[in-house]
Amino acid sequence: MKPLPPGSVIGILGGGQLGRMLAMAAAELGFDVHIYTPEADSPASRVAARTTVAPFDDAEALARFASGVDVVTTEFENVPADTTRVLVAAGAIVHPNPEALAIAQDRVAEKNFFNECGIATAPFAAVDSRADLDAALKQIGAPAILKTRRLGYDGKGQARIATLAEADAAYAALGGQPAILEGFCAFEREVSIVAARTIHNGFAPYDLVENVHANGILARTLAPARVDARVRQQAAGLAYIVGDALDYAGVFAVEFFLMADGSLIANEMAPRVHNSGHWTQDACAASQFEQHIRAIADWPLASPARLCDAEMINLIGAEANEWAKYAAEPNACVHLYGKRDALPGRKMGHVTRLKR
Ligand SMILES: Nc1ncnc2c1ncn2[C@@H]1O[C@H](COP(=O)(O)OP(=O)(O)O)[C@@H](O)[C@H]1O
Ligand SMILES: [Mg+2]
């Protein structure tokens, strides 16, 4: 594939804030964006040239979409992998590839993948029945976390098991969905790395960053993470292995637990731009959104160098009402997603404070 020329059409599956920021970055490079989403009046569609509103299993709508775009990408990881397979069968170029998406959508497949790459994870076991949970707890012990295998995000679909007596309640909380039991990692910090890869093995990792969660939702990201150079380099090396093993094109993220002994335990990967990479919009020459568009359009990758330190603060629910306070700070960059209702727990925007 030759670099996709400006004027080409980039198709994005999903209409949320990540699609919105991808669409704006694509427009900066001269592309038109076509959003495909089941949601009417989505944040992304309001900044895109075209939108198809249809379910992800609408074969006719998908065929029309495939014939009208030059490359397809995804903005959220739960677009059914089969949707992307249908698009590939219809002749579309899809990045990331459906296999990468499928692995990231299933927590058991994802952890097996990490282990096959030689990357450490928490001990885990698949849980498909109440009896499986007992067997898994016997093997892994408590404390542990029971998570749905699929469709979890922002801490949803998880139940903690502090002692064995809590097993029944945790199992009931997940409603018998296919699950995974993970040993609890008493981490020192949570860190993540966002990196871009091209199909020609171009690789550009941003700095490792440090994440603080509240109620299972990312609250703040500090760039760079306060860790030593050895940890930073190790994380970049592991991200390289992940991208290479998935034959990946685009931006992806890997979340890690940093343990007291300095080791990194992989938690999950996201086959897309990531909330912990939003700081790159204001503190790097090219944001993760531009970098993703470059990668899927087969352009050269930009430098991922950090131009200054940064802190990203998520505006969750009613916190978005404080936009004017942040806008009055000279070195705060305000980003709002245009969502109509500030529901509790909903990501409404973010602020990046530039430091130095
Ligand atoms: N095995 C674990 N040990 C300790 N904490 C965990 C573990 N798994 C998840 N957590 C905590 O829960 C948060 C959300 O879990 P995660 O697996 O990242 O799911 P999500 O898809 O909702 O982001 C993590 O960022 C971490 O704080
Ligand atoms: Mg996570």
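The basis for the numbers below is simple: all heavy atoms, side chains too, and nothing from hydrogens, waters or symmetry mates. Remember, it's 1-based here, ligands and their atoms both numbered in the order they're listed. From a predicted model like this one, the values you see are computed outputs, not experimental measurements.
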- prompt: atom 13 (C) of ligand 1: protein heavy atom closer than 4.0 Å?
  reply: no
Note: Glu182-Lys111 ion pair, threshold 4.0 Å (strictly below): yes
For Ile145, the atoms of ligand 1 under 4.0 Å from one of its heavy atoms are 2 (C), 5 (N), 6 (C), 7 (C), 8 (N), 9 (C), 10 (N)
The protein heavy atom nearest to atom 19 (O) of ligand 1 is Gln158 NE2, 3.0 Å
the protein heavy atom lying closest to atom 22 (O) of ligand 1 turns out to be Gly155 N, 2.6 Å
- Message: Looking at Ile199, is its backbone amide N or carbonyl O close enough to the side chain of Tyr248 to form a donor-acceptor pair, meaning the two atoms are under 3.5 Å apart?
- Response: no
Next on the checklist: I want to know if ligand 1 touches Gly183 in the polar sense, i.e. an N/O pair below 3.5 angstrom.
Outcome noted: yes
- Inspect the contact between Arg130 and Asp134 and indicate whether a charged nitrogen and a carboxylate oxygen are less than 4.0 angstrom apart. yes
Query raised in the report: Is Glu319 salt-bridged to Arg346, cutoff N-O under 4.0 Å?
Result: no
One finds that the ligand 1 atoms under 4.0 Å from a non-hydrogen atom of Arg160 are 11 (C), 12 (O)
For Glu182, the ligand 1 atoms with a heavy-atom partner under 4.0 Å come out as 1 (N), 8 (N)
Would you say Asp154 reaches the Mg ion (ligand 2) with an N/O/S atom under 2.8 Å? no
Using distance alone, decide if ligand 1 has a nitrogen or oxygen within less than 3.5 Å of any nitrogen or oxygen in Ala122. no
For the side chain of Thr74 and the backbone of Glu77, is there at least one donor-acceptor N/O pair under 3.5 Å apart? no
Give a yes or no on whether the backbone of Glu210 and the side-chain of Arg189 come within a donor-acceptor separation of less than 3.5 Å. no
Practice item. Could you tell me how the ring of Phe76 sits relative to the ring of Phe56: parallel (under 30°), tilted (30 to 60°) or perpendicular (over 60°)? Key: tilted
What I want to know is whether Lys156 and ligand 1 share at least one N or O pair that is separated by under 3.5 angstrom. no
Here the N/O/S atom of Glu255 closest to the Mg ion (ligand 2) would be OE1
Item to check | Arg294 side chain to Pro300 backbone, donor-acceptor under 3.5 Å | outcome: yes
Under 4.0 Å from one or more heavy atoms of Cys185, ligand 1 contributes atoms 2 (C), 3 (N), 4 (C)
Asn314 and Asn275: side-chain donor and acceptor closer than 3.5 Å?
-> yes
Here the pair of heavy atoms bringing Leu208 nearest to Ser192 is CD1-O, 3.3 Å
Within the 4.0 Å heavy-atom cut-off, what Tyr153 brings close to ligand 1 is backbone
Nearest non-hydrogen protein atom to atom 20 (P) of ligand 1, with distance, is Glu268 OE2, 3.4 Å
For Asp154, the atoms of ligand 1 under 4.0 Å from one of its heavy atoms are 20 (P), 22 (O)
So for Lys111, does at least one of its heavy atoms come nearer than 4.0 angstrom to any atom of ligand 1? no
Contact with ligand 1 for Gly216, non-hydrogen, under 4.0 angstrom = no
Answer key: the N, O or S atom of Glu268 nearest to the Mg ion (ligand 2) is OE2
| said: Quick check against the 3.5 Å criterion: does Tyr206 have a side-chain atom that pairs as donor or acceptor with the backbone of Gln288? | reply: yes
Quick look: Asn267 vs ligand 1, heavy-atom contacts under 4.0 Å, and the answer is side chain
| Arg46/Asp41 salt bridge by N-O under 4.0 Å criterion | yes
Open item on the list: Evaluate His292 against Thr73 for side chain to side chain donor-acceptor pair (under 3.5 Å), listing each step before the verdict.
Closed with: CA-CA 9 Å; His292 182 75; Thr73 191; 2.7 Å; yes
Atom 5 (N) of ligand 1 has as its nearest protein heavy atom Phe187 CE2, 3.5 Å
Per-atom filter on ligand 1: closer than 4.0 angstrom to a heavy atom of Glu255 are 18 (O)
Quick look: Glu77 vs ligand 1, heavy-atom contacts under 4.0 Å, and the answer is neither
Would you say the rings of His278 and Phe289 are close, in the sense that their centroids are separated by under 6.0 Å? yes
Closest to atom 8 (N) of ligand 1 among protein heavy atoms sits Lys147 NZ, 2.8 Å
For Glu190, the ligand 1 atoms with a heavy-atom partner under 4.0 Å come out as 24 (C), 25 (O), 26 (C), 27 (O)
